[in-house]
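Whatever order the structure lists ligands and atoms in, that order sets their numbers, starting from 1. These values consider heavy atoms only, across backbone and side chains, with no hydrogens, waters or symmetry-generated copies.
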Amino acid sequence: MAPENPFGEVLEDVRSIPPSVLVIFGASGDLTRRKLIPALYRLFHEGRLPASFSVIGNSRTSFSDEAYRQRQYEDLQRFLKDTPLEEEEWQRFAKRLFYIPGDMKDPALYQQIGAKIDALSGDTPHEVVFYLSTQPSFYPLAVDMLRESGIHRGAAKRRVVVEKPIGHDLESANQLEEHLAAAFDESDTYRIDHYLGKETVQNILAFRFANGIFEPLWNRRYIDHIQITAAESIGVEGRGAYYQEAGALRDMVQNHLLQVMATVMMEPYTRFAPGPVRDERAKLLRSIRIYKPDEVLSHSVSGQYGHARVGGEDLPGFREEEGVHAEAQTDTYAAVKLFVDNWRWSGVPVYIRTGKRLPKRVTDVAIQFRAAPKNMFAGRGEQDVAPNLMILRIQPDEGISLRFQSKRPGSGMRLRPVGMDFNYGSSFGTRTPEAYETLLLDALAGDPTLYIRQDMVEASWQVVMPILEVWRNTRFDFPNYAAGTWGPAASDAMLAQAGHAWRRP
Ligand code: BG6
């Protein structure tokens with residue numbers, strides 16, 4: 001099917017998706033309103049959902065189908081981007097939304113859901129995706145209840161999608177896994193990391209493995225170091241209570257940024273298929289050096305933002321946010337210096353940083369190449385000859401750029417860095433699908449390539465656990481950066497120690 005999208009370009013689906021029912025637990029929550037329903041609506045608008053497709057939402061709040069639809073309509077008006085919300089089309093979409101209120105502890109709820117799935121399926125067995133988007137503490141219960149009710153199995157495939165966080169630490173991740181494994185095969189368990197669904201992150205694979213010219217340079221002989229930045233200008237946006245327990249290292253590094261790192265640094269796979277791609281990702285994650293406690297503080301920096309006045313606006317410090325303890329030791333900024341101990345990457349530092357209330361929203365990966373072996377132009381640059389830099393821009397302003405030296409016009413040999421730039425928007429002239437569109441469609445199609453396998457979850461926790469533990473036993477002098485700045489000075493010092501410096505994106 002090759003439907004038109006509103007920009008006139010074509011978004012193609014090469015797969016056919018079977019008749020399906022999507023059951024969302026946590027259907028009145030934030031993720032459902034902001035991400036899942038808008039993603040489904042866009043897929044519907046573009047004709048990318050199967051002809052027979054329904055959503056069953058559940059949460060404790062009592063709504064009729066009608067009231068639930070009305071609420072989704074209001075939320076779509078707020079959160080739907082790049083897609084028109086027209087009455088006639090909305091009415092056709094709304095007919096596919098159903099709602100069953102109920103307590104996840106109540107076995108009767110699952111019987112009702114099962115009966116609804118049967119009614120919606122009619123004579124054609126429908127595949128079912130159970131999407132867990134509740135508070136994470138309910139995941140084990142939901143999975144157990146699905147298993148006990150028997151609705152985790154059916155005449156057609158039934159799968160489960162689990163939202164992040166997958167555990168609060170290695171131990172709880174393993175406990176959750178016991179519940180999941182008792183109910184679903186690994187191949188039917190889809191752990192989401194929405195960064196893997198971002199077009200620009202997927203494009204890293206195309207960039208590396210569909211071009212012959214970059215991969216020969218992609219190793220310790222040519223690359224000096226790598227910087228991965230995920231900066232957010234927002235604060236904790238009403239999620240103070242959750243975030244206080246999580247912190248930046250858990251919230252962003254353990255999952256999203258280690259996955260980005262694996263995508264940039266993994267070995268080529270033999271075939272673009274779930275098994276080989278995920279094997280390589282997992283192998284890379286397992287090759288990241290795990291620090292001993294006495295190595296942690298020289299390889300990591302924890303930060304927390306304090307109050308500041310920026311552009312005439314008063315930005316509260318983290319400890320002044322709603323739901324946050326006045327002496328919270330939470331990291332709202334985390335930076336780590338990692339190494340991948342394998343032949344390709346031995347000795348190449350990988351710096352990762354992320355934080356709330358930084359000066360701007362930007363996520364990118366900067367690959368800094370080694371300098372030319374001899375500088376024949378000493379003193380002729382605006383700075384000394386700057387090394388080549390490749391920037392994979394994940395968001396916003398999606399694209400890839402390469403910095404190299406050029407001669408400045410005029411007499412004499414004076415140099416300046418210039419850039420070659422690929423820009424997603426202008427090259428394809430189409431809207432970029434949101435990560436949740438891609439990932440929902442993949443789950444419905446039964447394609448787990450961009451989902452996380454349990455061995456990847458474990459490997460990532462193994463990397464961050466020693467850091468979390470040392471941080472937990474350290475009393476940091478917080479706040480240590482002002483809202484609207486690039487994080488604590490200690491972070492600059494960590495790079496300076498190896499002669500490096502953070503880029504200012
Ligand atoms: C979520 C984190 O997983 O990712 C949030 O819990 C963060 O704290 C968000 O803001 C960032 O996602 P994106 O897609 O906006 O970069």
Side-chain angles (χ1 to χ4, degrees), residues 26 29-36 38-39 42 79 81-82 131-137 139 161-168 173 190-204 228-261 263 303-305 318 321-324 328 330-334 352-365 392-398 424 431-440 450-452 456-457 460-461 464 468 483 487 505:
D30 231 36
L31 184 82
T32 308
R33 309 161 57 197
R34 283 174 191 269
K35 298 285 184 193
L36 302 184
R42 269 191 299 268
F79 299 121
K81 284 180 273 169
D82 297 343
Y131 197 116
L132 304 186
S133 167
T134 59
Q135 269 182 38
S137 56
Y139 294 169
V161 174
V162 193
E163 256 303 328
K164 81 167 258 273
I166 311 291
H168 184 71
Y190 284 55
R191 301 171 193 80
I192 258 194
D193 186 307
H194 79 279
Y195 267 55
L196 288 185
K198 288 183 190 277
E199 285 287 312
T200 41
V201 175
Q202 294 182 65
N203 188 46
I204 294 173
I228 303 178
T229 299
E232 294 186 279
S233 53
I234 53 171
V236 290
E237 310 294 294
R239 294 159 78 220
Y242 152 78
Y243 198 86
Q244 167 168 268
E245 302 305 321
L249 192 69
R250 273 197 181 87
D251 188 47
M252 292 291 290
V253 179
Q254 186 272 338
N255 34 68
H256 305 325
L257 301 181
L258 289 184
Q259 291 300 330
V260 170
M261 173 175 169
T263 309
Q304 187 189 90
Y305 62 85
F318 177 68
E321 302 269 12
E322 203 188 319
V324 174
T330 311
D331 50 309
T332 62
Y333 176 98
I352 300 184
R353 64 175 158 173
T354 182
K356 301 278 185 199
R357 285 268 188 251
L358 299 185
K360 63 202 280 201
R361 174 174 183 257
V362 57
T363 303
D364 65 20
V365 180
L392 312 174
R393 297 194 306 274
I394 292 173
Q395 63 190 23
D397 187 23
E398 291 85 357
Y424 245 85
R431 81 175 178 85
T432 312
E434 291 256 343
Y436 277 99
E437 292 169 43
T438 306
L439 293 173
L440 279 168
L450 301 178
Y451 281 84
I452 308 291
M456 293 147 85
V457 172
S460 311
W461 276 120
V464 301
L468 284 173

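Note on ring orientation: taking the six-membered ring where Trp is involved, the planes of H256 and Y195 are parallel (angle under 30°, cut-offs 30° and 60°).
Inspection of the S233 and R361 side chains reveals no N or O donor paired with an N or O acceptor under 3.5 Å. Checking E163 against Y131 by side-chain atom types alone, a donor-acceptor pair falls below 3.5 Å.
Per-residue contacts place K164 under 4.0 angstrom from the following atoms of ligand 1 (heavy atoms of the residue considered): 1 (C), 2 (C), 3 (O), 6 (O). Within ligand 1, the atoms closer than 4.0 Å to a non-hydrogen atom of K198 are 13 (P), 14 (O), 16 (O), numbered from 1 in the order shown. Atoms of ligand 1 found under 4.0 Å from any heavy atom of Q395, numbered from 1 in the order shown, are 13 (P), 16 (O). Every atom of ligand 1 is numbered from 1 in the order shown, and the set under 4.0 Å from a heavy atom of K356 is 5 (C), 7 (C), 8 (O), 10 (O). Close contacts between ligand 1 and R239 involve ligand atoms 2 (C), 5 (C), 6 (O), 8 (O) [criterion: under 4.0 Å to a heavy atom].
Polar contact with ligand 1: absent for Y242 (N/O pair, distance under 3.5 Å). Of the N or O atoms in Y243, none lie within a sub-3.5 Å distance of an N or O in ligand 1.
Under 4.0 angstrom from ligand 1, the non-hydrogen atoms of R361 all belong to its side chain.
The closest donor-acceptor contact from the side chain of T354 to the backbone of A230 lies under 3.5 Å.
Remark: K356 does not engage E321 in a salt bridge, criterion side-chain N to carboxylate O under 4.0 Å. Ionic pairing of K164 and D251 is present here: one or more N-O contacts between side-chain nitrogen and carboxylate oxygen are shorter than 4.0 angstrom.
Of all heavy-atom pairs spanning I394 and T200, the tightest one is O-OG1, 2.9 Å. Considering all non-hydrogen atoms of both residues, Y451 and L440 come closest at OH-N, 4.1 Å. Between R34 and F79 the shortest heavy-atom distance is NH1-CE2, 3.6 Å.
In terms of protein heavy atoms, atom 8 (O) of ligand 1 is closest to D251 OD2, 2.6 Å. H194 NE2, 3.2 Å is the protein heavy atom nearest to atom 12 (O) of ligand 1. The protein atom (non-hydrogen) at minimum distance from atom 16 (O) of ligand 1 is Y195 OH, 2.5 Å. Nearest non-hydrogen protein atom to atom 11 (C) of ligand 1 is E232 OE2, 3.8 Å.
Proximity of E237 to ligand 1 is not established, as no heavy-atom distance is less than 4.0 Å. Assignment of T363 to the shell around ligand 1 is not supported, since no heavy atom sits closer than 4.0 Å.
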